[in-house]
Amino acid sequence: MTSSRLDILLYCHDGRGIGHASRSIAIGMALRRLHPNLKVLFVSGTPHTQELRGNAPLDWIKLPGYETVVKDGKSKGINGKSNFSDQQLGELRATMLKQVLSLYQPRLVVADHSPLGKHKELLPALKASSLNDIRWVLGVRGVVGNVRQVQAPLATEVYNRYYHSLVWYGDSQVLGPQHCQKLAAIFDTRPFETGYVSRMAELEACAPAPGIKANVYAGTLAIPWFGESSKQLLKVVGEVLSQIDSSYGQWLLYLPKEYINDKTNSYISNINKLINCNIHPFGPSYHEALACSRVALIYGGYNSITDVLHAKVPTVVLERGMQDDEQQQHLYKLSRFTHDFLTSVSENDLQTDKLYSLLIQQLQRSQDQHSPSFQINLNGANNAANHLAGLL
């Protein structure tokens with residue numbers, strides 16, 4: 001008789017970007033592809049699951065979502081779209097997660113980034129899980145950064161009390177051994193190294209591209225969420241694209257629908273007037289366009305980085321001015337390893353002439369017909385899926 005229990009529940013918190021959700025969804029996609037008989041669910045408050053999973057047979061449970069704003073590089077919780085406060089959402093979601101585990105009784109739960117969950121929302125579920133024989137796995141991105149929710153004494157205590165094992169979504173050939181060593185010291189356990197988790201690779205595995213596509217776009221520009229400097233970025237982008245020769249091709253700018261509003265309309269209107277630029281909401285077409293682009297302009301989050309590495313598109317990366325220095329550490333390592341295939345600039349230092357120079361440099365690099373010679377392990381979704389299946 002087939003067990004009625006869920007096999008694997010993938011959890012990630014939400015707030016600003018889509019990096020944590022993208023990584024967890026990619027692993028869920030790989031689980032459903034490589035181990036089709038397993039029962040797998042994804043749970044999060046992110047509103048972007050449908051777009052992120054594409055056509056993959058991965059189902060999900062939607063929690064009411066958190067919302068945050070960024071000021072002076074520090075994020076702060078605000079009322080969610082349900083109009084509950086940040087604190088109320090934490091309490092409600094904690095109860096919901098406990099109920100989800102009680103109902104589905106997963107054999108394995110994979111939590112992304114923090115063993116406590118956002119606002120400690122996993123604690124009630126963790127305390128009740130021993131009654132249901134549930135095993136917990138923590139997954140951590142390549143560069144942890146200065147994240148107190150991961151490194152606080154309570155996080156270590158909770159991990160040691162409830163968690164079974166640790167997975168690291170990085171590549172030590174690129175990042176060096178210190179990140180695994182740091183995690184091992186924090187949690188007193190040796191992490192399993194998967195390599196980078198690429199959702200774009202999983203999307204292509206679900207729907208392979210028909211043949212080899214030639215570059216047809218000048219570039220793709222992706223802004224997954226707005227911060228303090230994003231309006232300045234839109235202004236600079238409009239000025240730069242107006243100066244770049246249209247013979248390079250079209251530029252496609254991808255923005256979240258919710259940020260196309262009165263505060264940004266004047267900047268977006270100026271970009272829309274350019275004959276060589278089109279604006280689109282995030283969706284499946286982004287990855288198709290990226291694969292057919294000469295260059296890319298992205299922010300330096302884990303998800304965006306793995307996209308351009310998989311697509312092998314020369315890229316200008318914008319470093320967000322956050323107090324967590326994860327992006328700066330990560331890009332320093334990657335830029336050296338990729339021989340400036342990725343070149344970066346702080347969003348706080350962005351000027352029209354600087355961005356123009358960087359994009360032209362990468363456009364010229366893209367005219368080299370040879371594929372980049374760097375080797376980075378982007379099989380993290382496959383490796384994580386097989387490892388998790390083996391823990392059941």
Side-chain angles (χ1 to χ4, degrees), residues 8-33 40-63 65-66 68 110-114 118 139-145 147 167-171 194-207 220 222-225 254-257 281-291 296 298-311 313 315 317 320 326-327 330 334 376-385 388:
I8 298 178
L9 181 71
L10 298 153
Y11 158 88
C12 80
H13 69 259
D14 51 281
R16 295 189 308 269
I18 60 175
H20 299 294
S22 177
R23 185 164 52 242
S24 297
I25 287 170
I27 294 169
M29 293 164 68
L31 279 164
R32 293 293 291 119
R33 177 173 59 83
V40 182
L41 278 174
F42 169 68
V43 59
S44 177
T46 180
H48 303 296
T49 303
Q50 176 64 54
E51 297 94 329
L52 293 174
R53 82 193 235 294
N55 295 322
L58 176 66
D59 213 343
W60 73 95
I61 297 170
K62 170 73 170 68
L63 303 173
Y66 291 113
T68 59
V110 185
D112 186 273
H113 196 54
S114 168
K118 188 159 186 174
V140 182
R141 68 192 181 191
V143 176
V144 179
V147 182
V167 175
W168 182 57
Y169 306 128
D171 181 354
T194 67
Y196 285 94
V197 175
S198 168
R199 185 174 54 87
M200 189 172 179
E202 280 304 306
L203 287 170
E204 290 186 359
C206 290
T220 50
I223 306 176
W225 58 274
Y254 286 85
L255 298 175
K257 292 178 182 178
F282 274 108
S285 65
Y286 168 69
H287 290 94
E288 297 170 8
L290 178 60
I298 62 169
Y299 275 106
Y302 184 104
N303 175 61
S304 298
I305 289 290
T306 57
D307 282 346
V308 297
L309 290 175
H310 176 79
V313 175
T315 299
V317 185
R320 287 192 188 273
E326 175 261 345
Q327 289 191 8
H330 199 188
L334 282 170
I376 296 176
N377 182 0
L378 294 172
N379 293 320
N382 281 11
N383 295 334
L388 295 172

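Residues take their numbers from the sequence shown, with the count starting at 1. What you are looking at is a predicted structure, and each value in this text was computed from that prediction instead of being measured.
The distance from atom CG of N303 to atom OG of S22, rounded to the nearest 0.5 Å, is 3.0 Å. Separating the NE2 atom in H20 from the CD1 atom in I25 is a distance of 13.0 Å, to the nearest 0.5 Å. The CG atom of L41 lies 5.0 Å from the CD1 atom of I61; values are rounded to the nearest 0.5 Å. Taking CG of N383 as the start and CG of L378 as the end, the distance is 11.0 Å to the nearest 0.5 Å. Atom CD of E288 sits about 9.0 Å away from atom CE of M200, to the nearest 0.5 Å.
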Let me see the working for L203 and M29 under side chain to side chain contact (heavy atoms under 4.5 Å, CB included), right down to the final yes or no.
-> CA-CA 8 Å; L203 287 170; M29 293 164 68; 3.7 Å; yes
Test log, rule side chain to side chain contact (heavy atoms under 4.5 Å, CB included), inputs T306 and V197 | CA-CA 7 Å; T306 57; V197 175; over 6 Å; no
Would you please test L334 and L309 for side chain to side chain contact (heavy atoms under 4.5 Å, CB included) and show each step?
-> CA-CA 10 Å; L334 282 170; L309 290 175; 4.3 Å; yes
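Nearest heavy atom pair, residue K118 against residue Y11, reads N-OH, 3.2 Å. A30 and A381 get closest at one heavy-atom pair: CB-O, 3.5 Å. Y254 approaches P281 most closely through the heavy-atom pair CD2-O, 3.5 Å. When every heavy atom of A21 is checked against every heavy atom of T46, the shortest pair comes out as CB-CG2, 3.7 Å. Minimum heavy-atom separation, S24 to F42: CB-CE1, 3.7 Å.
D112 contributes no side-chain N or O that, together with a main-chain N or O of C12, makes up a donor-acceptor pair within less than 3.5 Å. R32 contributes no side-chain N or O that, together with a main-chain N or O of L58, makes up a donor-acceptor pair within less than 3.5 Å. Of the possible donor and acceptor atoms, none in the side chain of W168 sits under 3.5 Å from a partner among the backbone N and O of T194. Here the side chain of N377 pairs no donor or acceptor atom with the backbone of D171 at under 3.5 angstrom. No donor-acceptor distance shorter than 3.5 angstrom exists from the side chain of S304 to the backbone of G300, with no hydrogens or angles considered.
Looking only at side-chain heavy atoms (C-beta outward), S44 and D14 come within less than 4.5 Å of each other. For the pair V110/I27, no side-chain contact is recorded, criterion being any heavy-atom separation below 4.5 Å from C-beta on. H287 has its side chain within reach of D307: a pair of non-hydrogen atoms, C-beta onward, lies under 4.5 Å apart. Within the 4.5 Å cutoff, the side chain of R141 has no heavy atoms near those of the H330 side chain. At a threshold of 4.5 Å between non-hydrogen side-chain atoms, the residues E202 and N382 count as touching. In this structure the side chain of W60 reaches within 4.5 angstrom of the side chain of R53, judged on heavy atoms.
A cation-pi arrangement, defined by a distance under 6.0 Å to the six-membered ring centre and an angle within 45 degrees of its axis, is absent between R23 and Y169.
The side chain to side chain contact (heavy atoms under 4.5 Å, CB included) test with V43 singles out one residue from L9, L10, T49, and that residue is L9.
Between Y286 and H48, the distance separating the two ring centers is not shorter than 6.0 angstrom.
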